[in-house]
Amino acid sequence: MQTVGFIGLGTMGGPMASHLVNNDYPLVVYDLIQERAQRFQEQGGRTASSPLETAQGCRILCLMVLTAGDVEAVLFGDQGAAEGLESGSIVVILSTIPPEEARSIAKRLSTLGIATLDAPVSGGRQGAEEGSLAIMVGGDREAFDTVQPVLHCMGEAITHVGDIGSGQVAKAANQIIVSLNRAAVGEALLFAAKAGTDPETVRQALLGGYADSTTLRGYGARQAKKDMPIEFSSPIIAKDVVSIAEIGDAMGLDLPFTALVASKYRDKQS
């Protein structure tokens, strides 16, 4: 099996990388927090001291860091991975970043003979731990076919959406639905409580009907226990939905509900 590099071993990246080791892929890992990387030695992986060292000898390099700036730094910063990758390698950006950023990074890597796939994921910590993530992929079809076995170690629904950046477009659509759905679930549960009805009983009554959703089942079960079920506290969703609202504005789109929810997250984070 070809060696895979994996950079970013946080809440999502750690379990995702573990699935690669469990599927017998030779794995080289790196994270700024050394303790995260060290545990992979016990699982049979190899730790690296920098992104550059991680990339050396890898045909496929997976990145699961937080922001577009982090992706840029890992690839092109001091001891950056791009310097260690050989022509013909494939970089898989599992992070959620703006589509234009993915296209810009891919253009820079292409001058080095390196292909790029943008492959953001959905499914949260549970999906990462279970290996059941949905992965939305943009980029060259041949590169996608090469990387598919690696992606199937981490997810179940693997979709090639289109050209580079289209994976991020699909993830943006996902985050619009998730963020608005969370707000709707919170409002519904608050309404139920203030109307004198147990919100958890109402939530259960809605399961199986048109209001049913993954958000109602998981997020709703947690929020039904709270005095204030409407909240905009997720820094990950905040980052994504605020970015989506800004991209929509730049495109001249009227996305009133996305803009409203983005403003709530922005206010909460400030």
Just by modelled atom types, is the Glu142 backbone N or O under 3.5 Å from a matching donor or acceptor in the Asp140 side chain? yes

Which side chain to side chain donor-acceptor pair (under 3.5 Å) pairs, counting each pair once, include a residue from residues 168-180, with sequence neighbours left out? Thr96-Lys171, Ser122-Asn174, Gln175-Asp240

When you look at CD of Glu130, are more than 12 heavy atoms from neighbouring residues, nucleotides or ligands closer to it than 6.0 Å? yes

For Leu66, the rest of its hydrophobic cluster, which grows through side-chain links under 4.5 angstrom: Ile236

Is the NZ atom of Lys239 crowded by more than 12 outside heavy atoms at less than 6.0 Å? yes

Taking Ser104 for the side chain and Glu101 for the main chain, is one N or O donor matched with an acceptor at less than 3.5 Å? no

According to a 4.5 Å side-chain heavy-atom criterion applied to Ile, Leu, Val, Met, Phe, Trp and Tyr, with indirect links allowed, do Phe76 and Ile97 form part of one hydrophobic cluster? yes

Side chains of Phe40 and Ser18: closer than 4.5 Å at any heavy-atom pair? yes

Distance from Asp227 atom CG to Gln223 atom CD, nearest 0.5 Å? 11.5 Å

Can you check whether Val261 reaches Phe257 side chain to side chain, under 4.5 Å on heavy atoms? no

Closest non-hydrogen contact found for Ala259 with Ala245 is CA-CB, 4.5 Å

Can you hop from Leu207 to Leu189 via hydrophobic side chains spaced under 4.5 Å? yes

As an exercise, state the distance from CG of Leu63 to CD1 of Ile105, rounded to the nearest 0.5 Å. 8.5 Å

Closest approach of Asp31 and Leu9, non-hydrogen atoms and distance? OD2-N, 2.7 Å

Heavy atoms from other residues, nucleotides or ligands near CD of Glu83 exceed 12 (cutoff 6.0 Å): no

Spacing of OG1 belonging to Thr258 relative to CD1 belonging to Ile177, to within rounding of 0.5 Å: 9.5 Å

How are the rings of His160 and Phe144 set relative to one another: parallel (under 30°), tilted (30 to 60°) or perpendicular (over 60°)? tilted

Could you pull out all residues at least two apart from Glu200 that satisfy salt bridge (charged side-chain N to carboxylate O under 4.0 Å, His left out)? Arg203

Would a 4.5 Å heavy-atom cut-off, applied to side chains only, mark Arg59 and Thr3 as touching? no

Do Leu27 and Gln43 have side-chain heavy atoms sitting under 4.5 Å apart? no

Spatial distance of atom CG (Leu61) from atom CD1 (Ile93) [nearest 0.5 Å]: 9.5 Å

Please check if atom CD in Gln148 has more than 12 non-hydrogen atoms from other residues, nucleotides or ligands closer than 6.0 Å. yes

Residue pair Pro120 / Ser95: nearest heavy atoms and the distance that separates them: CB-O, 3.9 Å

List the steps and the verdict of side chain to side chain contact (heavy atoms under 4.5 Å, CB included) for Met154 and Leu151. CA-CA 5 Å; Met154 301 180 282; Leu151 297 179; 4.0 Å; yes

Transitively linked via ILVMFWY side-chain contacts under 4.5 Å: Ile33 with Val71? no

Nearest heavy-atom neighbours spanning Glu231 and Ser233: OE2-OG, 3.4 Å

Heavy-atom distance under 4.5 Å between the side chains of Val28 and Arg46, does that happen here? yes

Determine whether a donor-acceptor pair (N or O, by modelled atom type, separation under 3.5 Å) exists between the side chain of Arg125 and the backbone of Pro15. no

What I'd like to find out is whether the side chain of Val147 reaches to under 4.5 Å of the side chain of Val137, using heavy atoms alone. no

What about Phe232 and Tyr219, same hydrophobic cluster or not, with Ile/Leu/Val/Met/Phe/Trp/Tyr joined at side-chain heavy-atom distances under 4.5 Å? no

Look at the side chain of Asp249 and the backbone N and O of Glu246, then say whether any donor-acceptor pair between them is shorter than 3.5 Å. no

Group every Ile, Leu, Val, Met, Phe, Trp and Tyr by side-chain heavy-atom contacts under 4.5 Å, then state whether Ile158 and Ile60 land in the same group. yes

Please list, chain by chain and in numerical order, all residues satisfying salt bridge (charged side-chain N to carboxylate O under 4.0 Å, His left out) with Glu72, sequence neighbours excluded. Arg108

To the nearest 0.5 Å, atom CZ of Arg182 lies from atom CD1 of Ile230 at 13.5 Å

Just distance, no hydrogens or angles: give the donor-acceptor pairs under 3.5 Å from side chains in residues 50-57, sequence neighbours left out.
{"from": "Ser50", "atom 1": "OG", "to": "Leu52", "atom 2": "N", "distance (Å)": "3.4"}
{"from": "Ser50", "atom 1": "OG", "to": "Glu53", "atom 2": "N", "distance (Å)": "3.1"}
{"from": "Glu53", "atom 1": "OE1", "to": "Ser49", "atom 2": "N", "distance (Å)": "3.1"}
{"from": "Glu53", "atom 1": "OE1", "to": "Ser49", "atom 2": "OG", "distance (Å)": "2.5"}
{"from": "Thr54", "atom 1": "OG1", "to": "Ser50", "atom 2": "O", "distance (Å)": "2.8"}

Atom pair CZ (Arg217) and CD (Gln204), whose distance is rounded to the nearest 0.5 Å: 10.5 Å

Would you name the heavy atoms of Ile164 and Ala106 that are closest together and state the gap between them? CG1-CB, 3.7 Å

With the side chain counted from C-beta on, respond yes when Phe6 and Leu94 share a heavy-atom pair under 4.5 Å apart, and no when they do not. yes

Got a donor-acceptor contact below 3.5 angstrom from the Ser166 side chain to the Val169 backbone? no

I'd like to know if the side chain of His19 and the backbone of Val150 have a donor-acceptor N/O pair within less than 3.5 Å. no

Measure the shortest side-chain to side-chain distance between Ile90 and Thr146 over non-hydrogen atoms and say whether it is less than 4.5 angstrom. yes

Report the residues that fulfil salt bridge (charged side-chain N to carboxylate O under 4.0 Å, His left out) with Glu100, sequence neighbours left out, ordered by chain and then residue number. Arg103

If I compare all heavy atoms of Cys62 with all of Val4, which pair ends up nearest, and what's the gap? SG-CG1, 4.1 Å

